[in-house]
Amino acid sequence: MVVSCIKRLPIVNTSPQGSLFHRLFLTLRNKVKVQSGNTVNIASTTRIRQCHISIKGKGNTLTVDDGANLRGVQIELNGNNCSLTIGKYSVIGEGCYLSARENGTTLSIGENCMFSRNVKVMTSDGHDILCANKRINPANSITIGSRVWLADSSVILKGCCIGSDSIVGIGSIVTKSIPKQCIAAGNPARIIKNNIHWQEELTY
């Protein structure tokens, strides 16, 4: 395993470079299980507490960029040559589950995103589904743009892209890609409003 604490991107780290203090701090405040042959890049200004990080296989990379804030999140990379990236200043809430599985899949989360509690984002169904002895549910990468708000208990399934500045409503299941500046809600999620922009500040 390679664990490094970074100060900027891009990064292609193959040897430990961050301070021993930061590496120990990550493992003391979180449950971290990473098999050898994988890389974990954590920016020194992140806040990661009470998270469970599990990486199995070879050639996988987890990157958490500057200012990201995670608490009580489960992060899983399981396979080979998968990557999971969390962009600058994104906030991931308690009970969230982020999973990049199988071979060569990517789960990319942009900057300044806000994930509420119990959000699930998964590049794989977790098990094979066969028809005429052929698999019909291969894994697929997920891309989430910047300033995306995923409300409580929303689910983002494999192969979806969510454009920047969009919102996914509470309990929604996203099965198809969503363009930028939209609100999507329902099961399956559908677009209910276009040309929106959201802000964190409350006005009441």
Side-chain angles (χ1 to χ4, degrees), residues 1-2 30-42 48 51-65 68 70 72-87 90 92-110 113-146 148-164 166 168-179 184-190:
M1 174 187 76
V2 175
N30 305 278
K31 294 181 179 179
V32 181
K33 296 181 179 180
V34 181
Q35 292 182 347
S36 62
N38 299 291
T39 302
V40 177
N41 298 309
I42 306 294
I48 304 176
C51 293
H52 184 187
I53 299 170
S54 174
I55 304 180
K56 299 177 181 178
K58 298 286 186 181
N60 301 300
T61 302
L62 169 65
T63 300
V64 185
D65 208 344
L70 288 70
V73 178
Q74 183 175 351
I75 295 174
E76 173 192 57
L77 288 90
N78 190 345
N80 299 298
N81 303 312
C82 297
S83 68
L84 197 160
T85 302
I86 300 172
S90 289
I92 315 292
E94 289 191 68
C96 288
Y97 173 64
L98 309 177
S99 174
R101 292 178 60 119
E102 302 196 27
N103 294 313
T105 63
T106 62
L107 196 171
S108 176
I109 299 167
C113 288
M114 185 169 67
F115 291 12
S116 299
R117 293 170 293 273
N118 303 312
V119 169
K120 292 180 173 58
V121 185
M122 304 170 289
T123 65
S124 170
D125 296 332
H127 299 282
D128 292 5
I129 299 175
L130 305 177
C131 182
N133 293 321
K134 292 183 178 180
R135 188 180 180 191
I136 60 173
N137 68 329
N140 205 344
S141 298
I142 294 172
T143 300
I144 296 174
S146 295
V148 170
W149 174 8
L150 302 183
D152 285 31
S153 302
S154 56
V155 177
I156 314 300
L157 296 180
K158 61 185 184 178
C160 292
C161 295
I162 300 179
S164 296
S166 286
V168 175
I170 292 176
S172 299
I173 299 180
V174 178
T175 60
K176 295 181 180 179
S177 294
I178 296 169
N187 181 9
R190 62 180 182 87

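In this structure, the side chain of N30 engages the main chain of I48 through a donor-acceptor pair within 3.5 Å.
Residues S177 and C161 share a closest heavy-atom pair of OG-N, 2.9 Å. The heavy-atom pair separating A184 from S172 by the smallest distance is O-OG, 4.1 Å. Considering every non-hydrogen atom in both S90 and C113, the closest pair reads OG-N, 3.0 Å. Of all heavy-atom pairs spanning A139 and R101, the tightest one is CB-O, 4.1 Å. Heavy-atom minimum distance, A100 versus L107: CB-CB, 4.3 Å.
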Q. Given I162 and L150, is the side chain to side chain contact (heavy atoms under 4.5 Å, CB included) satisfied, shown in steps?
A. CA-CA 10 Å; I162 300 179; L150 302 183; 4.1 Å; yes
Q.
Before you tell me yes or no, could you show the steps for I75 and I92 under side chain to side chain contact (heavy atoms under 4.5 Å, CB included), namely the whole-Å CA-CA distance, both residues' side-chain angles and the distance that decides it to 0.1 Å?
A. CA-CA 11 Å; I75 295 174; I92 315 292; over 6 Å; no
Q: Report the C-alpha separation of M122 and V155 in whole Å, then their side-chain angles, then the decisive distance to 0.1 Å, and conclude whether the side chain to side chain contact (heavy atoms under 4.5 Å, CB included) test is met.
A: CA-CA 8 Å; M122 304 170 289; V155 177; 4.0 Å; yes
Q: Run the numbers on I109 and L98 for side chain to side chain contact (heavy atoms under 4.5 Å, CB included), then give the verdict.
A: CA-CA 10 Å; I109 299 167; L98 309 177; 4.0 Å; yes
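For the pair F115/V73, no side-chain contact is recorded, criterion being any heavy-atom separation below 4.5 Å from C-beta on. Counting only heavy atoms from C-beta outward, the side chains of V119 and S154 approach each other to under 4.5 Å. Residues T123 and S141 are not in side-chain contact: their nearest non-hydrogen atoms beyond the backbone lie 4.5 Å or more apart. Within the 4.5 Å cutoff, side-chain heavy atoms of N41 are placed close to those of T61. Using a 4.5 Å cut-off on side-chain heavy atoms (C-beta onward), I173 and L157 make contact. Side-chain contact between N38 and L77 is absent, with no heavy atoms from C-beta onward closer than 4.5 Å.
Of the residues listed (T175, D125, N140), the one engaging K158 in a side-chain hydrogen bond (donor to acceptor under 3.5 Å, both in side chains) is D125, and it is the only one.
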